[in-house]
**Q** 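Please see the structure below; I have some questions.
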Amino acid sequence: MKKTISILIVALVTAFSVQAQDKMGKNEAVKTIALEQTSGEFTQKQITVSEGTYVFDIANNGVGHDVGFVLVKKGQDLSKPENHIQTAYVTKPVATGASQTSKPTKLTKGEYVYFCPLNPTSTDNILTVK
C-alpha cells in the first residue's frame with residue numbers, strides 16, 4: 001500500500017513539474033504600448049516596434065467622454081468588426097482622465113491601423129512591426 005501511494009505521489013509531482021516547465025517555456029515578455037487620446041486624435045500618429053506580445057495602454061486626456069481602441073491589419077476593411085484584432089480592444093471604455101489596457105496581443109511583421117470609433121479619430125494612425 002505504501003509503495004502504491006509513493007508511486008502515485010512521484011507521478012503527480014512529475015506531472016506538475018512538466019506542466020510548469022511547459023508554461024515557463026511559452027512565457028514571453030509582454031511589453032506595453034502607451035497611447036494617449038485627446039479630442040478627435042491620438043497624440044502619436046506613427047509607432048514602430050519589433051515583433052512580440054504587447055498590451056495597449058490607452059489614456060483619455062480630456063476628451064470629455066469615453067474612448068476606446070481598435071487595431072486592424074493595414075489593407076483590411078476597418079468597418080468590419082471581424083477584421084479587428086479583438087485582443088487589442090481595451091477591457092472597458094476609457095473614461096476622461098483615466099486609462100485602460102488591452103489583453104496581451106501578439107504582433108507579427110507588417111503594418112496596422114489604429115483608431116477610436118468613439119472619439120472618433122482619423123484612421124491614418126500607423127503601427128509598424130519590424
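Computed over heavy atoms, backbone and side chain alike; hydrogens, waters and symmetry mates excluded. It should be emphasised that the depicted structure is a prediction, and the values quoted were computed from it without experimental measurement.
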**Q** Got Val67 and Pro93 here, is their nearest side-chain heavy-atom distance under 4.5 Å?
**A** no

**Q** Using side-chain heavy atoms (C-beta onward) and a distance below 4.5 Å, is Phe42 in contact with Cys116?
**A** yes

**Q** Is there a side-chain contact (heavy atoms from CB on, under 4.5 Å) between Val72 and Phe115 once you walk through the steps?
**A** CA-CA 9 Å; Val72 179; Phe115 65 99; 4.2 Å; yes

**Q** Among residues at least two apart in sequence or on other chains, which ones pass salt bridge (charged side-chain N to carboxylate O under 4.0 Å, His left out) with Glu36?
**A** none

**Q** Quick check for you: to the nearest 0.5 Å, what is the distance between Lys31 atom NZ and Phe56 atom CZ?
**A** 11.5 Å

**Q** Has Asn119 got a side-chain atom pairing as donor or acceptor with Thr121's backbone, closer than 3.5 angstrom?
**A** no

**Q** Determine the minimum heavy-atom distance between Gly68 and Ile58, stating which atoms define it.
**A** O-CG2, 4.2 Å

**Q** What pairs of residues pass the salt bridge (Lys or Arg N to Asp or Glu O under 4.0 Å) test when at least one of them lies in residues 38-57, not counting sequence neighbours?
**A** Glu41-Lys45

**Q** Walk me through whether His65 and Thr96 qualify under side-chain contact (heavy atoms from CB on, under 4.5 Å).
**A** CA-CA 6 Å; His65 56 80; Thr96 299; 5.5 Å; no

**Q** If you look at every heavy atom in Tyr54 and Leu107, which pair is closest and at what distance?
**A** CD1-CD1, 3.6 Å

**Q** Can Leu35 be reached from Ile126 by stepping across I, L, V, M, F, W or Y side chains whose heavy atoms are under 4.5 Å apart?
**A** no

**Q** Rounded at 0.5 Å granularity, tell me how far OH in Tyr112 sits from CD1 in Ile47.
**A** 13.0 Å

**Q** To the nearest 0.5 Å, what is the distance between OG (Ser102) and CD1 (Ile33)?
**A** 8.5 Å

**Q** How far does NE2 of His84 sit from NZ of Lys73, to the nearest 0.5 angstrom?
**A** 15.5 Å

**Q** More than 12 heavy atoms of other residues, nucleotides or ligands under 6.0 Å from NZ of Lys103: yes or no?
**A** no

**Q** Between atom CG of Asn83 and atom CG of Leu78, what is the distance when rounded to the nearest 0.5 Å?
**A** 8.0 Å

**Q** Does the side-chain contact (heavy atoms from CB on, under 4.5 Å) test come out yes or no for Val113 and Leu71, once each step is laid out?
**A** CA-CA 6 Å; Val113 174; Leu71 184 68; over 6 Å; no

**Q** I need the minimum non-hydrogen distance between Gln37 and Val63, along with the two atoms involved.
**A** O-CG2, 3.7 Å

**Q** Would you say the ring centers of Phe69 and Tyr89 fall short of 6.0 Å from each other?
**A** no

**Q** What distance do Thr105 atom OG1 and Gln86 atom CD have between them, rounded to the nearest 0.5 Å?
**A** 10.5 Å

**Q** Test side-chain contact (heavy atoms from CB on, under 4.5 Å) on Val129 and Thr108; report intermediate values, then the result.
**A** CA-CA 6 Å; Val129 179; Thr108 57; 5.8 Å; no

**Q** Got a sec, which residues hit side chain to side chain donor-acceptor pair (under 3.5 Å) with Asn125, two or more places apart in sequence or on another chain?
**A** none

